[in-house]
Amino acid sequence: MLHFSKLTAAATFAIGSLLIGAANAETVLRSSDTHPDGYPTVEAVKYMGDLIKQRTAGRYSIEVYHSAQLGEEKDTIEQTQAGVIDLDRVSMGPFNGIVPETAVPSLPYMFRSVEHMRHVMDGAVGDQILKAFEAHDLVGLAFYDSGARSFYNTKKDITSMADMKGMKFRVIQSDVFVDMVNALGANATPMAYGEVYSALQTGVIDGAENNWPSFESAKHYEVAKHYTMDEHQIVPEVLVMSKASWDKLSPEDQAIVRQAAKDSVVKMRELWDAQEKKSRGLVEAAGVKVSEIDKQPLIEAMKPVYDKYLSTPELKDLAARIQAEK
Ligand code: GTR
């Protein structure tokens, strides 16, 4: 009897909290990121969540699942398209085969500098690319920074394109990245980010390519001690929302989410600039040797890659507009 009344009390309590919950209904949007907690992209989406919470009086918030808890980028993109994940912060790279417009800013040496990239992505070209996600069950919300990607390896200092010949480099799962590495005379191995550390360690690959904060936070510098400043790609990161989750929001709430995403870009860039310096300092202090390289032969080697991906008048026009921006 005692047992029964305890149960009844528990059930009453549960129903009570359900009712209270309904009165203050809060929807927690699930957001994926491959990077660890504290990384600028993770912190920027958390900040966006705080803004949304304030601006919807607590009706919406964001929970960031960092460290690839929801899966590697290729899989999380599919899950976001399917509406299983609400928000996804990924590199543009894995989108290259899905949203053709994303291949253009991913092309090697498309941007002259990070400032050029920021300027372009903040303007009409950026808006056009964000819009292009809509044909693929996604809503493009914002672009974040990813600095410049450069090659690093476990074997030797690379100071010329010839040094790369025959070496095996891991790349993002994107044909643009594969073709870039092959055009340099090296061999590309597309692979999920989470597998790179052990692939470097066991010699399955000789190297990979990334920006300073990723090179540092993924600990690749512990095994790859040679970093070359070729800065071949300035690929923006992108924050997308599942179209299915987006359609559940009122037009007012959609506007709040869009604005909060835009506002988080400012925060992200501050965090990014500080993190880049910090990460570079850390890996250099840990003994990574940084080499300079003449970029001109690498730029020239990209001609066939440009020809392949700028395959329509629209994509050619997009590239021309990027290059024409000051
Ligand atoms: C990083 C990027 C990640 C991921 C990673 C990779 O720079 O921020 O989203 O794409 O590169 O190389 O897989």
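Start at 1 and go down the list; that is how both ligands and their atoms are numbered.
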Inset, instruction - Spell out, yes or no, whether I62 and V238 are grouped together once hydrophobic residues are joined by side-chain heavy atoms under 4.5 Å, including indirect joins. - result: no
Inset, instruction - State which residue, out of K267, K278, R118, fulfils the salt bridge (Lys or Arg N to Asp or Glu O under 4.0 Å) condition with D273. - result: R118
Inset, instruction - Give the cluster check for V90 versus F143: same hydrophobic cluster or not, with ILVMFWY residues linked at side-chain heavy-atom distances below 4.5 Å. - result: yes
Legend entry - Structural part of N211 in contact with ligand 1, heavy atom criterion under 4.0 angstrom: side chain
Legend entry - Side chain, backbone, both or neither: K74 near ligand 1, heavy atoms under 4.0 Å: neither
Legend entry - Side chain, backbone, both or neither: the part of S91 lying under 4.0 Å from ligand 1 by heavy atom: both
Inset, instruction - Considering the heavy atoms of S214, write down every atom of ligand 1 situated less than 4.0 Å from one of them. - result: 1 (C), 7 (O)
Inset, instruction - Work out whether the distance between some heavy atom of H35 and some atom of ligand 1 is less than 4.0 Å. - result: yes
Inset, instruction - Verify the cluster assignment for V235 and Y144: are they in a single hydrophobic cluster under the rule of side-chain heavy atoms below 4.5 Å apart? - result: no
Inset, instruction - Provide the closest heavy-atom pair for Y193 versus H220 in the form atom of the first, atom of the second, distance. - result: CE1-CE1, 4.0 Å
Legend entry - Any N/O pair E237/ligand 1 closer than 3.5 Å: yes
Legend entry - N182 versus N187, closest heavy-atom pair with distance: OD1-CA, 3.7 Å
Inset, instruction - Heavy-atom contacts with S146 under 4.0 Å: which atoms of ligand 1 show up? List them by number with element. - result: 7 (O)
Legend entry - Student check: side-chain heavy atoms of Y227 and W212 closer than 4.5 Å: yes
Legend entry - Ligand-side contact atoms (ligand 1) for residue partner E73, heavy atom cut-off under 4.0 Å: 3 (C), 4 (C), 9 (O), 10 (O)
Inset, instruction - Inspect the contact between R280 and E276 and indicate whether a charged nitrogen and a carboxylate oxygen are less than 4.0 angstrom apart. - result: no
Legend entry - Ligand-side contact atoms (ligand 1) for residue partner R170, heavy atom cut-off under 4.0 Å: 6 (C), 12 (O), 13 (O)
Legend entry - ligand 1-proximal atoms of N210, by part, heavy-atom distance under 4.0 Å: side chain
Inset, instruction - Would you mind listing which atoms of ligand 1 come within a distance below 4.0 Å of any non-hydrogen atom of R89? - result: 8 (O), 9 (O)
